[in-house]
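Working notes, beginning with the structure itself.
Each ligand, and each atom within it, is numbered from 1 in the order the structure gives.
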Amino acid sequence: MKTIIANWKMNVGSRESVALARGVLLALKGKKQLPDVVVCPPHVALGEVRKIVARSHAALGAQNVFWEETGAFTGETSTRMLAELGVSHVILGHSERRRLFGETDEAVGKKIVAALSAGLVPIVCVGESSTDNAREFVATQLRGALKGLHLRHKERILVAYEPVWAIGTGVAAQPADAVSMHAFIRSLVADLLPGVKASQVSILYGGSVDGANAYAFLREDEVDGLLVGGASVKLSEFGKILEAAVSVLEARAA
Ligand code: PGA
């Protein structure tokens with residue numbers, strides 16, 4: 001399976017989110033082989049977008065969550081609040097949250113536990129900046145975030161490999177480099193989560209994915225999907241990314 005996640009960031013309000021969600025559903029219409037699609041609007045638009053994607057092929061994701069269930073945490077949102085809104089996935093540890101809001105691996109770890117216990121699928125973002133040793137850096141992030149975690153039978157986790165230098169820059173990783181990092185992440189996650197089955201873990205690529213390069217990533221078996229930022233708020237571009245996923249899936253089914 002391939003999973004395409006649209007991270008709309010703080011780029012659209014409720015009205016635009018609804019229009020985008022409608023456009024995504026339209027782009028999927030009539031296709032036989034569909035990727036899993038998750039749209040992640042800002043929190044304030046979740047309720048409205050839910051009405052559009054309910055009973056459709058697309059799932060609803062959030063861009064962040066807090067780990068506590070209730071209490072005096074001004075401005076925060078809990079996993080149960082998201083679940084009540086029909087959210088099924090949540091992006092955690094995005095590099096913008098790490099850089100701008102001081103999110104640590106430990107905080108990401110707590111969020112993963114909270115998300116899983118509310119029945120949400122965590123999308124854990126990792127990735128090095130241009131000055132880091134990529135494997136070492138990503139391994140440290142994953143060890144910190146997955147420490148002590150045990151996935152239950154039906155639980156799943158998505159890891160998005162997003163090199164920081166590729167996010168929003170127009171310079172994507174080379175697919176071959178992503179493939180080798182994905183293989184590394186896959187084996188590391190298997191070590192960190194003993195007993196986990198391959199089907200419980202998906203590794204996605206993110207960072208300057210667009211309509212022109214999506215296919216080159218998606219045709220790789222190591223790439224279980226894509227996390228798309230900038231190109232996900234442009235319907236024509238996002239439509240091409242969905243098309244690329246459909247064509248990979250159709251070729252496999254043939
Ligand atoms: P980008 O963002 O596609 O705009 O590079 C990806 C992300 O931030 O998840």
* Asked: At a 4.0 Å threshold, what atoms of ligand 1 neighbour a non-hydrogen atom of Ala166?
  -> 5 (O)

* Asked: Considering distance alone, does some N or O of Ala231 sit under 3.5 Å from an N or O of ligand 1?
  -> no

* To do: Using a strict 4.0 Å threshold on nitrogen-to-oxygen distance, state whether Lys32 and Glu250 make a salt bridge.
  => no

* Kindly check if the number of other-residue, nucleotide or ligand heavy atoms within 6.0 Å of CD (Gln174) is above 12? => no

* Which atoms of ligand 1 have any heavy atom of Gly207 under 4.0 Å away? -> 5 (O)

* With heavy atoms only and a cut-off of under 4.0 Å, state how Ile167 meets ligand 1: side chain, backbone, both or neither. => both

* Structure fact -> At under 4.0 Å between heavy atoms, what of Cys125 touches ligand 1? The answer is neither

* Structure fact -> ligand 1 to Leu227, heavy atom cutoff 4.0 Å, flagged ligand atoms 9 (O)

* Asked: Any N/O of Lys9 closer than 3.5 Å to an N/O of ligand 1?
  -> yes

* Under 4.0 Å to a heavy atom of Gly168 - the qualifying atoms of ligand 1, by number -> 1 (P), 4 (O), 5 (O)

* Asked: Would a distance-only check, ignoring hydrogens and angles, find a side-chain to backbone donor-acceptor pair under 3.5 Å from Gln63 to Ile91?
  -> no

* Answer yes when Arg98 and Asp105 have at least one side-chain N-carboxylate O distance shorter than 4.0 Å, and no when they do not. => yes

* To do: Assess Ser208 for proximity to ligand 1: is some non-hydrogen atom of it under 4.0 Å away?
  => yes

* Are side-chain heavy atoms of Tyr161 and Leu204 found at a separation under 4.5 Å? -> no

* To do: Heavy-atom contacts with Asn7 under 4.0 Å: which atoms of ligand 1 show up? List them by number with element.
  => 9 (O)

* Proximal ligand 1 atoms for His94, defined as those under 4.0 Å from one of its heavy atoms -> 7 (C), 8 (O), 9 (O)

* Asked: Does the pair Glu155/Arg152 count as a salt bridge with the N-to-O cut at 4.0 Å?
  -> yes

* Where is the nearest protein heavy atom to atom 9 (O) of ligand 1: which residue, which atom, and how far? -> Glu162 OE2, 2.6 Å

* Closest protein heavy atom to atom 4 (O) of ligand 1, given as residue, atom name and distance to 0.1 Å -> Gly230 N, 2.7 Å

* Considering only protein heavy atoms, which is closest to atom 3 (O) of ligand 1, and at what distance to one decimal place? -> Gly229 N, 2.9 Å

* Do the side chains of Tyr205 and Val201 join up, straight or via other hydrophobic residues, at under 4.5 Å, putting them in one cluster? -> yes

* Asked: Can Asp224 and Arg186 be counted as an ion pair, charged N to O under 4.0 angstrom?
  -> yes

* **Check ion pair Arg135-Glu128 (N to O, under 4.0 angstrom)** => no

